[in-house]
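A short write-up of the structure that comes next.
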There are 2 protein chains.
Amino acid sequence: MYRTRNCGELRLANVGEEVILAGWVQSVHNLGALTFVDLRDRYGITQLAFNEDCSDELKHKAGKLGREFVVQAKGVVAERYSKNRNLPTGEIEIIISELDIVNESLTPPFTIEEQSDGGDDIRMKYRYLDLRRPNVRKNLELRHKFAFEVRRYLDQQGFLEIETPVLVNSTPEGARDFVVPSRMNPGQFYALPQSPQTLKQLLMVAGMDRYFQIVKCFRDEDLRADRQPEFTQIDCEMSFVEQEDVLQIFEGMSRHLFKELKGIDIPALPRMSWADAIKYYGSDKPDTRFEMKFVELKNLQIDNASSEIVESIFPEGFTVFDSAQYVGAICCQGQAVFTRKQIDQLTDFVKRPQIGAKGLVYVRVEADGSVKSSVDKFYTQETLQVLKEKMSAQPGDLILILSGDDAMKVRKQLCELRLEMGQRMGLRPKDKYSCLWVVDFPMYEWSDEEQRLMAMHHPFTSPKPEDIELLDSDPAKVRANAYDMVINGVEVGGGSIRIHDAKLQQKIFEILGFTPEQAQEKFGFLMNAFKYGAPPHGGLAYGLDRFVSLFAELDSIRDVIAFPKNNSGRDVMLDAPGVVDLKQLDELSIALNVKELYTK
Amino acid sequence: MYRTRNCGELRLANVGEEVILAGWVQSVHNLGALTFVDLRDRYGITQLAFNEDCSDELKHKAGKLGREFVVQAKGVVAERYSKNRNLPTGEIEIIISELDIVNESLTPPFTIEEQSDGGDDIRMKYRYLDLRRPNVRKNLELRHKFAFEVRRYLDQQGFLEIETPVLVNSTPEGARDFVVPSRMNPGQFYALPQSPQTLKQLLMVAGMDRYFQIVKCFRDEDLRADRQPEFTQIDCEMSFVEQEDVLQIFEGMSRHLFKELKGIDIPALPRMSWADAIKYYGSDKPDTRFEMKFVELKNLQIDNASSEIVESIFPEGFTVFDSAQYVGAICCQGQAVFTRKQIDQLTDFVKRPQIGAKGLVYVRVEADGSVKSSVDKFYTQETLQVLKEKMSAQPGDLILILSGDDAMKVRKQLCELRLEMGQRMGLRPKDKYSCLWVVDFPMYEWSDEEQRLMAMHHPFTSPKPEDIELLDSDPAKVRANAYDMVINGVEVGGGSIRIHDAKLQQKIFEILGFTPEQAQEKFGFLMNAFKYGAPPHGGLAYGLDRFVSLFAELDSIRDVIAFPKNNSGRDVMLDAPGVVDLKQLDELSIALNVKELYTK
């Protein structure tokens, strides 16, 4: 036995006990006659004291210690003279009688502390040292607890965790697959699953009733910041359910997780229709930690988010608004103090190519109720007072207005502006949580690229029964039994009730532009299964990495992943991917087809 | 809500309640005026009764029902006239008032019953129907519970479940890797992990202290029966431990699992040295449900399993024994009744090429204590009485003897014979469990193929401290701090204490024939990590599929896997692997290299 206690558990009550600890040297403080060593393990830090009574040998050994050396130390727990209130073990120290240097360490390339001096690249290369930092370690501890509590809750609800295969077939729609050449089946490839969607539906056909799995999924996409080629889903499916049953079960799961892991009782999740989310927040994943809803000052377009025309509140005069199809605004409480310079910054912000607004109109409500704006020369004070009324603006508020030809585009711009203002106004604290369900998604969205309707969720999503008659007359208007769980503006999960009726499925395929032959070829194995008694079913999937990072109050998912990959899909610690023996490729019946390799 | 109750929970106490059930039609019994339907879901079977009072419409609907139709039925719970004691719900039935056919079903290609009439191939193709069979479903339920209890135990013991990546680098030793071409890194490949061995060691360097993971692993091997290209490990590692600590923790896990899942209190696990396992059972995974230990009648070879010469108990005369280096026997209690024909079958059994014995000598102990044998003409009754004594044989016992030039080979043959006899004698019941640790494995085994010593476990396994001095003088004699958990002759798990000392690791690599450069190239990323304070650590990994199949009392792992692959590595349900677009291969910078494709 290398140790009798760990470095996080000793307290005043243990004074007088002889203990053996083992761990890493966090720091050495040599005060001449006295030497103090902070010893660290997963559980905490304990101070080792080498005092005047030490043997010369012990003093010599203590003198050789460097940062991150691994030591085993024996001694007696004693009350500290000068206590450290910041450390749970800060009231005691160990008066050391024996010390064994178990392993030495080179000087680590960055400091092993909460705030490290190491840059991202070097920390990823030495991730095994980065993980020694207490904050990074705590994220992995949280992830463990999170996954465990998910399992505990779902087990209690009668869900079975069933492993689906990793070596599967290429999925017909969606992102690019990673493929795996099959040695035993020359010329053929497995694909790694983008999600176990079809397999979990087959498990419902198989009568498994309630399935879940915490499972790795894979997408060979060009990696944007904070995307990983492999990621983890909490994948769930239930039989003999309607949408409400699914929402209840998984609202319960969120409540369980918040309670167990954060000690927070979250209120019942509000339901917001997709149309309202778009209309009032410009996003299907609104950050509802703060209000600041959109007010439509003009909207001449009827679409899935707007069911009626809003005539402009502005008389003609300002050509930008006059020619716009949509004018929308937000009211930022108490922000009339924004300086001209700050407003200019905001204008630059919305004009960035990623956002793409043409300009920004601002309106300040002064202390006396009068209104000053960047469009004073176009509108009378009367008109601006109507605006103030419409925005329910109070003295001291700042109204920000965007406009344009395409309501959807302007809403997205206004959404970015709203989030930016929320950020600046401190309305988006990471430790405050606002959860909701966004429901009633449209079945389809128009693809300019493909010039056809595309499934918004996936082709197995069930339309709302009351909208089925619209499938023929106005498919773009059909709403789906689909739902997303949104927390703090992040879509943590989403799913749908699936189609279990073969005829309806056929119709959906037709609308998506598949011939019966194509549908059979692409989705045949699932369609065949549906011929043998498919139950009504539905489910959802959560992104575990994202969900945990919200609980960890992190912006990036990377620090809740033990060994993440960089934006080129490389693991710089393992140096993967790498080259492979040509002999091995031969066995796999493939060859390299890299132009640069030929020309070199 | 599709149902208010499930098909497994209603009892006499529920009589009078109105319920809605949903599920699959197991069977329809039309008795003219009465129709009974057995409705099945994951939870059980409940009888639906359509009696004389039914409306014509209801009767008509009930008449249309076929096997595996999905229905929703409303009715009142009533006591049954003729009760079915074999069914938990057998005392009640539901008097149906409403019936909705939710989905029809084609006639399934085999019966959905415990004993199906479907062959292996068809059941795998329609696995979603096969999984509806209650025994197959129960295996997956058991697997879920098993994995959950593993997690619960390890969580309680302070282990963190940490996900390691699936897209890693090619491992230097071991089986063939599955590889994944990287689109973003042309000409380079990820490998799928054969196990997270090096990653879990890095997690120990990272200070994670106690790690586990239930994780998919991959091996591109030619598939023997009951091997899968993807399989699941319970992978574990601990820091600051000695072998005894690891054995205690995981013995505790086994005890927990047997108690929670089988209601069995298993005794403390005996420890058997590898040498004894080989000497007495001819296997490093002895089936200890029964004794029938080997007795060495002659052994002229000193090797890792034999530390002393055993002179032959037989005088010269029978050239087979005279020329043999090793003669070993087992005593089968009460089996003197074996007929000549049965003995001939046994002889054929050991002479099969897979076993490879030259012949079999048998000795019967008669009721009067006299001995009859197949070698009566070579030996006196006196000699055979000495044999009887040596074997502790009683009247009615059958002694079976094998011999040969290579003790190890004969032991393996004798092992097969012992298992066969145990089977025939009913000594290997599937519901009896005998667990043990096999310890003190040799560090190395000689490879005839490679003409060098190979690591028996892997090159990171620590030698026993007391054997380290033998590393120079007699490496083949060095024992490792390695251990296997064996249950009923199956190795369910195994592991070792790892080397954490860089110099010792260097020496081990030398003995394995690596130059320092080769060692650096092959194991560099781990060796570099070890320079920064590697703690003493060790662990083990269990084969989950195998472990669960033992609990499920199954011979094959296939039925504890939802969607297994066949012996060609194919998923016949998904029809994977499959062909891939040439465009996709182009993007991946690879090309097909299949001769048959070129010549066609």
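Basis for what follows: all heavy atoms, side chains included, without hydrogens, waters or symmetry-related copies. Just so it is clear: chains get the letters A, B, ... in the order the sequence lines come, proteins before strands, and each one is counted from 1. Quick caveat: nothing in here was measured; it's all calculated off a predicted structure.
The closest side-chain heavy-atom distance from Met208(A) to Tyr128(B) is not below 4.5 Å. Counting heavy atoms from C-beta outward, Arg183(A) and Asp222(B) have side chains that approach closer than 4.5 Å. The closest side-chain heavy-atom distance from Leu21(A) to Phe240(B) is not below 4.5 Å. In this structure, Glu587(B) and Arg176(A) have side chains that are in contact, with non-hydrogen atoms separated by less than 4.5 Å. Side chains of Leu202(B) and Met573(A) form a contact here, defined as non-hydrogen atoms less than 4.5 Å apart. A heavy-atom distance below 4.5 Å is not found between the side chains of Pro181(A) and Phe178(B). Asn593(B) is listed as a side-chain neighbour of Asp586(A), based on a closest heavy-atom distance under 4.5 Å. Two residues are said to be in side-chain contact when any heavy atoms from C-beta on lie closer than 4.5 Å; Phe189(B) and Val180(A) fail this criterion.
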Inset, instruction - Begin with the C-alpha distance, continue with both residues' side-chain angles, and end with the deciding distance and a verdict on salt bridge (charged side-chain N to carboxylate O under 4.0 Å, His left out) for Glu104(A) and Lys531(B). - result: CA-CA 7 Å; Glu104(A) 303 193 347; Lys531(B) 291 175 188 159; over 6 Å; no
Inset, instruction - In sequence, state the C-alpha distance, the side-chain angles, and the governing distance for Arg3(A) and Asp209(B), and then conclude on salt bridge (charged side-chain N to carboxylate O under 4.0 Å, His left out). - result: CA-CA 12 Å; Arg3(A) 60 183 173 198; Asp209(B) 208 76; 2.8 Å; yes
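Looking at Asn103(B), its side chain never comes within 3.5 Å of a backbone N or O of Pro535(A) through a donor-acceptor pair.
The most heavy-atom pairs under 4.5 Å with chain B, out of Ile112(A), Leu199(A), Asn6(A), come from Leu199(A). If you tally non-hydrogen atom pairs under 4.5 Å between each of Asn528(A), Val580(A), Leu585(A), Asn185(A) and chain B, the highest count goes to Asn185(A). Counting heavy-atom pairs closer than 4.5 Å to chain B, the top residue among Pro165(A), Ala562(A), Gly207(A), Ala576(A) is Pro165(A). Of all the listed residues (Pro536(A), Gly569(A), Ser239(A)), the one sharing the greatest number of non-hydrogen pairs under 4.5 Å with chain B is Pro536(A).
Glu161(A) and Arg151(B) are joined by a salt bridge, as a carboxylate oxygen and a charged side-chain nitrogen come within less than 4.0 angstrom of each other.
Residue Gln213(A): no heavy atom, backbone or side chain, is found under 4.5 Å from chain B. Contact annotation for Phe212(A): only side-chain heavy atoms (C-beta onward) come within less than 4.5 Å of a heavy atom of chain B. Interface remark: Gln228(A) contributes no atoms to any contact with chain B (heavy atom separation under 4.5 Å). Proximity to chain B is limited to the backbone of Met204(A), based on heavy atoms less than 4.5 angstrom apart. With a 4.5 Å cut-off on non-hydrogen atoms, Asp130(A) does not touch chain B at all. Looking at Lys216(A), only its side chain comes within 4.5 Å of chain B, counting heavy atoms on both sides. Only the side chain of Lys565(A) comes within less than 4.5 Å of a heavy atom in chain B; its backbone stays farther off. With a threshold of 4.5 angstrom between heavy atoms, Leu167(A) approaches chain B through its backbone and through its side chain. Contact of Ile162(A) with chain B is made through the side chain alone, with heavy-atom distances under 4.5 Å.
Looking only at atom types and distance, the side chain of Asp571(A) has no donor-acceptor partner in the side chain of Tyr190(B) under 3.5 Å away.
Expressed to the nearest 0.5 Å, how far CD of Glu163(B) lies from CZ of Arg143(A) amounts to 4.0 Å.
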